[in-house]
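Below you'll find the structure, written out as structure tokens, and then a few comments.
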Number of protein chains: 2
Amino acid sequence: MRSLKQIRSFVAVFEEGSFTAAAQREGATQSGISQHIRHLEESLGVELLVRDGRGVIPTAHGERYYGECVAILRRLDLAEAEIGRASALGGEVRIGLMPTFTRAVLAPTLDRFIAVAPTVEMRVTEAYSGVLTDLVRKGELDFAVVPGFQGAVGLSTTLLIRDREMLVASKNRLGQHLTPISLKDMDPLKIVVPGPQNTRRRTIETYCASHGVAIERRLQLDAMMGTLDFVASSEWVAILPGVMMVNDLDGARFDIRPLDQPALYSDFVLIEPTRRVLSPAAALFASMLRETTEQTITIRQARMREA
Amino acid sequence: MRSLKQIRSFVAVFEEGSFTAAAQREGATQSGISQHIRHLEESLGVELLVRDGRGVIPTAHGERYYGECVAILRRLDLAEAEIGRASALGGEVRIGLMPTFTRAVLAPTLDRFIAVAPTVEMRVTEAYSGVLTDLVRKGELDFAVVPGFQGAVGLSTTLLIRDREMLVASKNRLGQHLTPISLKDMDPLKIVVPGPQNTRRRTIETYCASHGVAIERRLQLDAMMGTLDFVASSEWVAILPGVMMVNDLDGARFDIRPLDQPALYSDFVLIEPTRRVLSPAAALFASMLRETTEQTITIRQARMREA
DNA sequence: TTCCGATATTAATTTTTCTGATAGAGGGTC
DNA sequence: GACCCTCTATCAGAAAAATTAATATCGGAA
């Protein structure tokens, strides 16, 4: 007979591309997963996955069945969310944020959220997008906010916010605080960048290369706090999303100038497991996060107009 | 943990309005069903059903959850139908028909169907609508065709055909074979009717009462073959759906005249369990049944125009 | 009250699932 | 090609869960 465990196992294997990884994600053994898939295939009378020594590849049947299974799990999740403690706006909300978001917008969002939903247990994980993506896929986070990307199996993405990238340097080094700047006018740059595993690195390199911005020296720093601190006390610069600099608009510590000619925008998306539905509390937090972020951007735009 | 058995049990209890009946339908014991429901309620943290000594009544939560559960089971069924042997147009098709349909349209439909799908195992059950409805709800039939009615929990209905009712008598007793007739012109009637448990009985009585048709004598006969035979060899008449008389349009045995002023139409609907999806073979049979029936009606209309 | 028809509970049993160990298969590397 | 590494399949015993039959309990009707 068909069972939900079998379906969950299949979805996990499909998304992870491996029995072993699926077992880990489902908190089971590889042996158990193997048996579930076998029973599923037997009872359907169809091969769902081709095992090729390196992992697994779904068959055409597998692809189609996966789509249905995800829809079923999602619907199941929805049914429970509708009934259970869901409506009470309680439970636990586990989210993942990049430093971009924890630096400035997390605190005010938390303030507002806690006021409205005092009984909800919040758990915020700070990490870079790769880690967060994995955690979301494993179901260990309800959702995460990561740079916009080309999607991944089993994840749904929703655009949360689009924000402008800023050139950040220590006070009085750039001048014209908050007015647009063309990077080419500033080169050659001594720039602090994240490591190649970070999505931002590629964005920055691509931008510089395709607009003829010369880079004199690169410093690879995978610590956001450290980057800011270093930039504040040196002649090095960094390119950062505006949303993390809202608390420094006064110009007391940094010169901040939006990239121009052309402007560079970054998308941040909310990712969640397709097979699940956001709990009301999580959805509320997500919408508050978006609102707060939008407000900070609005504030910044007002300041920029003044400048 | 949630399981499909629990969900199936809940759906069965909801639809049957009773643990005991649900157990029977699911081929389980009352004890097992009781435990499944208890676990479901515990894990949702919500009461789904109120037990009141006489049976069970769903709570508001139960109602909502039921809707989701049916959708999930249906989707699951769909997923399997899409993948499995479904596409091969094999397997078994179990349908239920009333005598109305078995008398004239079943045979030609079967001919066509068997030609196209020779490997499908057909199982046709002939019975009256109440029995067929129960069998469909229990999942012992893929679908049945019954008189149009006001629906039942757990059943989906689709209009299959609308047909005209006929006054049937033995040859040369009515005259004007195949031309419309006003019943009032023929009263008082000596009429053969089915028992009160049959949907048609109410239809006929209502029609006569509301159009001032006097009935001289009633003969209650719950045997369709017997009714036809008796009518053919006596002065009694019967009111029957046109679709069952297509083989007697030649007037050799019966005088058949459509009711007029006003015309009386009957709807026949296809009923199937909402939680399931018709297999391709069953769907094909249903559509062939509709086609055949429509053709017989078209033929009759042509004959009527000639007459 | 008493009975009747229904659900709840319980403990033993059966079935299913899960695990840990091991075998086997398929690529990559030297 | 031999070796190694990683991955999946299989198996038997262990653990967990479902199922059953018997029985307790409950609620309403007469």
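All chains are named by letter (A, B, ...) in the order of the sequence lines, taking the proteins before the strands, and each is independently numbered beginning at 1.
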Donor + acceptor pair across side chains of [X], [Y] (<3.5 Å):
{"X": "B/E126", "Y": "B/T102", "value": "yes"}
{"X": "B/Y66", "Y": "B/E15", "value": "yes"}
{"X": "B/E272", "Y": "B/S156", "value": "no"}
{"X": "B/R2", "Y": "B/S43", "value": "yes"}

Q) Below 3.5 Å, does any donor atom in the side chain of B/S31 face an acceptor in the base of C/dT7, or the other way round? A) no

- Message: Looking at the base of C/dA8, is there any donor atom on it, or on the side chain of B/Q30, that sits under 3.5 Å from an acceptor on the other one?
- Response: yes

Assign each of A/D52 and A/H39 the nucleotide of DNA chain C bearing its closest heavy atom; nearer the 5' end lies the nucleotide of A/H39

**Item:** side-chain N/O B/S3 vs D/dA17 OP1/OP2, d < 4.0 Å
**Value:**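 No, because none of the side-chain N or O atoms of B/S3 sits under 4.0 Å from OP1 or OP2 of D/dA17.
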
### Phosphate contact (D/dC7 OP1 or OP2) by A/S18 side-chain N/O below 4.0 Å
no

Out of D/dT20, C/dT9, C/dC18, whichever nucleotide has its closest atom nearest the side chain of B/R38: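 When the side chain of B/R38 is considered, C/dT9 is the closest of D/dT20, C/dT9, C/dC18.
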
- Item | Nearest to side-chain heavy atoms of A/R51, which nucleotide of C/dG20, C/dT17, D/dA9 |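 For the A/R51 side chain, the nearest candidate turns out to be D/dA9.
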
| CD of A/E41 versus P of D/dA9: gap in Å, rounded? |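 Spelled out: CD on A/E41 to P on D/dA9 is 8 Å.
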
From CZ of B/F14 across to P of C/dT7 the rounded distance in Å is 15 Å

